S.K.: 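Let me begin by handing over the structure; questions about it come next.
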Amino acid sequence: MSFNSHLDTLYRQVIMDHYKNPRNRGVLEGEHVDINMNNPTCGDRIHLTLKVEDGKIVDAKFEGEGCSISMSSASMMTEAIKGKTIEEALKLSTIFSDMMQGKDYDDSIDLGDIEALQGVSKFPARIKCATLAWKAMEKGLHEQQD
Amino acid sequence: MNVKELRQLFPILDQQVNGKPLVYLDSAATSQKPLSVIEAIDNYYRQYNSNVHRGVHTLGTKATDAYEGAREKVRRFIGAASIEEIIFTRGTTTAINLVAASYGRANVREGDEIVITYMEHHSNIIPWQQVARQTGATLKYIPLQPDGTIRLADVEQTVTSNTKIVAVMHVSNVLGTINPVKEIAQIAHKNGAVVVVDGAQSTPHMKVNVQDIDCDFYAFSGHKMCGPTGIGVLYGKKRLLEQMEPVEFGGEMIDFVGLYESTWKELPWKFEGGTPIIAGAIGLGAAIDFLEQIGLDYIAEHEHRLAQYALEQLSTIDGLTIYGPKERAGLVTFNIDGVHPHDVATVLDAEGIAVRAGHHCAQPLMKWLNVTATARASFYLYNTEEEIDALVSALKKTKEYFSYVF
């Protein structure tokens with residue numbers, strides 16, 4: 001049942017699946033990078049923990065509160081960056097940012113589930129929801145690099 | 001004038017959003033503007049734009065008359081004793097900050113108390129947090145009842161002889177609660193404190209009389225009452241304003257300027273440094289003319305009917321939680337189980353319905369309600385029962401849509 005096809009471009013099945021069944025939910029123990037970020041205009045918040053070893057993200061977990069877009073994006077992001085180097089993760093973040101702004105983005109990398117978030121670019125008011133987790137990841141990795 | 005005719009005075013309402021007729025239910029954020037207000041601003045810029053209080057020339061005199069004429073309209077509108085008590089500001093936030101920065105810092109000492117409530121908007125919290133931090137005073141909160149109202153017994157309990165300022169909103173932008181500001185003012189005065197009332201959500205919707213309330217300061221914004229953005233008002237009792245120092249210094253607000261010392265103009269101009277918000281004040285004056293022509297009592301009654309109808313209709317939706325008391329101003333804040341308010345607002349927008357979703361600049365209240373965000377539908381004189389029906393039907397679709405995609 002669908003009453004509005006415009007909405008279907010935003011609320012894709014895979015997004016709802018990540019919202020309902022978030023991957024990597026929780027907080028890492030032991031030594032890790034710890035990032036808290038919120039969206040002050042709407043109250044969404046994310047607590048992201050990353051385990052980085054030898055320049056590689058070996059584990060990632062998140063907890064937080066927010067809408068389906070922000071929480072599913074966080075779930076997908078943590079899945080995507082696990083096993084990636086810091087550089088690869090930051091590259092992915094740039095691709096995601098381009099995608100959100102409706103720009104042409106580097107499609108040589110398989111984005112998997114993340115591709116489903118492409119529709120967000122058609123809903124300008126929701127772009128900040130989708131990018132929250134990615135901004136948190138960038139902040140954590142930049143701190144790690146410094 | 002019926003509501004159909006009234007709607008025709010608001011050009012913006014006649015449009016489609018996402019292929020559906022616009023249903024604007026976000027007037028608590030900002031109201032729409034009638035043609036008469038748009039035209040008053042347009043006329044000022046087209047016909048007599050000029051600086052005020054200095055030009056000897058004809059246009060300067062016309063602009064000054066219009067600007068000061070707007071001040072007199074505001075005085076009459078809120079029942080102030082004199083125009084010396086009406087200060088134009090950028091909005092409610094600036095008005096409260098003026099009181100905090102001038103009266104607050106000069107009169108609050110270490111060990112004193114400032115009392116506010118859990119339901120305040122950030123603009124009536126943070127200025128007082130700052131005064132408390134800078135002076136060493138304590139910030140205290142009047143608790144709320146489960147239905148989001150304030151008990152006078154709790155006000156009595158919280159306000160003490162150490163309290164210097166009691167700051168409270170007249171109407172809650174989230175709960176719709178109408179606070180007993182007159183009684184709160186009596187309790188404050190009995191304890192030797194002044195009362196600051198945030199009137200942002202009351203002034204547009206009901207008859208306000210500052211002398212009857214007997215508040216010491218009253219702040220409100222033009223843009224929520226059919227006026228333009230960028231203009232607001234601080235009312236203050238003359239006796240208090242006379243003692244207070246300006247917070248902005250420069251042109252317009254001075255009497256005599258020497259090399260090392262200067263003196264200020266008399267009230268209210270000593271608080272209006274720089275070229276004032278001339279077009280904004282003229283627009284606000286036109287908004288007051290408009291509201292008075294429709295009648296504040298009619299507006300209050302119309303919104304009361306809409307709010308009660310909305311409460312009744314929304315409570316037919318399973319899994320929908322409504323926040324705030326039954327007896328309320330013209331807004332309804334709610335959540336649907338399992339659907340985040342941003343998602344609710346996006347689905348409603350796809351149906352042409354504009355509501356607000358988020359924390360409504362009231363994070364302490366959200367914490368008290370134990371939610372991170374809510375959706376809010378707010379009504380004004382141009383809204384109709386049919387629009388509430390559209391909201392209810394779209395919310396039912398939202399529920400179905402999310403149960404389907406899950």
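Just so it is clear, the model here is predicted, and its values are computed rather than measured.
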S.K.: Is A:Ile15 in contact with chain B via its backbone, its side chain, both, or neither, using a 4.5 Å heavy-atom distance?
M.R.: neither
S.K.: Inspect the surroundings of CD in B:Gln16 and state if more than 12 heavy atoms from other residues, nucleotides or ligands are less than 6.0 Å away.
M.R.: yes
S.K.: Heavy atoms under 4.5 Å from chain B: which residues of residues 103-137 of chain A carry them?
M.R.: A:Phe123, A:Arg126, A:Cys129
S.K.: If you look at every heavy atom in A:Pro40 and B:His359, which pair is closest and at what distance?
M.R.: O-NE2, 2.7 Å
S.K.: Evaluate whether atom CZ of A:Arg23 has more than 12 neighbouring non-hydrogen atoms of other residues, nucleotides or ligands under 6.0 angstrom away.
M.R.: yes
S.K.: What distance separates B:His340 NE2 from A:Asp44 CG, expressed to the nearest 0.5 Å?
M.R.: 5.0 Å
S.K.: Chain B heavy atoms under 4.5 Å from A:Asn39: which part of the residue, side chain, backbone, both or neither?
M.R.: neither
S.K.: Pick whichever of B:Thr372, B:Asp349, B:Asp343 has the most heavy-atom pairs under 4.5 Å with chain A.
M.R.: B:Asp343
S.K.: Determine whether more than 12 heavy atoms belonging to other residues, nucleotides or ligands lie under 6.0 Å from atom NZ of A:Lys56.
M.R.: no
S.K.: Specify the closest pair of heavy atoms between A:His6 and B:Ala350, including all atoms of both residues, with the distance to one decimal.
M.R.: CD2-CB, 4.4 Å
S.K.: Other residues, nucleotides and ligands only: do more than 12 of their heavy atoms fall within 6.0 Å of CD on B:Gln15?
M.R.: yes
S.K.: So, taking the atom named CG in A:Asn38 and the one named CD in B:Gln363, what distance separates them when rounded to the nearest 0.5 Å?
M.R.: 7.5 Å
S.K.: In the structure I gave you, are the side-chain heavy atoms of B:Thr346 and A:Leu7 within less than 4.5 Å of one another anywhere?
M.R.: yes
S.K.: Are more than 12 heavy atoms, taken from residues, nucleotides or ligands other than B:Asp14, located less than 6.0 Å from that residue's CG atom?
M.R.: no
